[in-house]
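All heavy atoms count here, side chains included; hydrogens, waters and symmetry mates do not.
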Amino acid sequence: MPHSLEDKRRAVMRLRRIKGQVQALERAVEEGTDCSLLLQQIAALRGAANGLMAEVLDSHLRELFGTSKEDVPRAVVDPDAEIESLMKILRTYLK
């Protein structure tokens, strides 16, 4: 769960948007909407859920390790190393 009040507010706002997307998808299924449109809605919902998961994970890791984006100068950050580190976390999570 996000730790700061602002992170919690952002998570709740995202959850409300996701809830609206789920309700729209339910209506589309009930109305017999074309499969291609349903797949587009499912893809949008998946993207929203992945975005929320990434935001919560980011908040959790920053709280756990006590860092914020402002704490690290941009010149010090190696984007390739950071991406590889995040990919290791995701691979572990997906196992």
Side-chain angles (χ1 to χ4, degrees):
M1 185 65 204
H3 298 282
S4 76
L5 183 57
E6 184 59 33
D7 287 340
K8 288 178 184 179
R9 285 183 180 147
R10 273 197 307 271
V12 168
M13 285 176 31
R14 278 183 173 253
L15 284 170
R16 287 181 180 149
R17 283 192 295 256
I18 290 170
K19 181 180 176 184
Q21 287 177 300
V22 168
Q23 290 169 340
L25 180 59
E26 286 176 354
R27 285 190 302 273
V29 169
E30 289 171 356
E31 294 169 359
T33 301
D34 180 59
C35 286
S36 63
L37 295 175
L38 290 176
L39 291 173
Q40 288 175 357
Q41 286 182 296
I42 291 168
L45 184 56
R46 181 179 181 194
N50 286 345
L52 176 61
M53 184 174 77
E55 191 172 299
V56 170
L57 179 59
D58 180 71
S59 173
H60 175 72
L61 291 174
R62 289 184 191 291
E63 179 70 22
L64 184 66
F65 294 108
T67 62
S68 71
K69 293 177 185 175
E70 293 77 29
D71 291 342
V72 181
R74 284 184 104 23
V76 176
V77 176
D78 176 5
D80 292 330
E82 191 172 340
I83 290 168
E84 186 56 37
S85 175
L86 290 173
M87 289 307 296
K88 285 179 186 177
I89 293 169
L90 287 173
R91 286 186 202 109
T92 302
Y93 176 78
L94 294 173
K95 287 181 183 179

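Between atom CE of residue Met13 and atom CZ of residue Arg16 there is a gap of 9.0 Å, rounded to the nearest 0.5 Å. The CZ atom of Arg14 sits 4.5 Å away from the CD atom of Glu55 when rounded to the nearest 0.5 Å.
Heavy-atom minimum distance, Gln21 versus Leu45: CB-CD1, 3.8 Å.
In this structure, the side-chain contact (heavy atoms from CB on, under 4.5 Å) partners of Arg46, at least two apart in sequence or on a different chain, are Asn50.
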Can you give me every donor-acceptor pair (side chain of residues 22-42, partner residue at least two apart or in another chain, under 3.5 Å) with its distance?
| from | atom 1 | to | atom 2 | distance (Å) |
| --- | --- | --- | --- | --- |
| Thr33 | OG1 | Ala28 | O | 2.8 |
| Asp34 | OD2 | Ser36 | N | 3.3 |
| Asp34 | OD2 | Ser36 | OG | 2.4 |

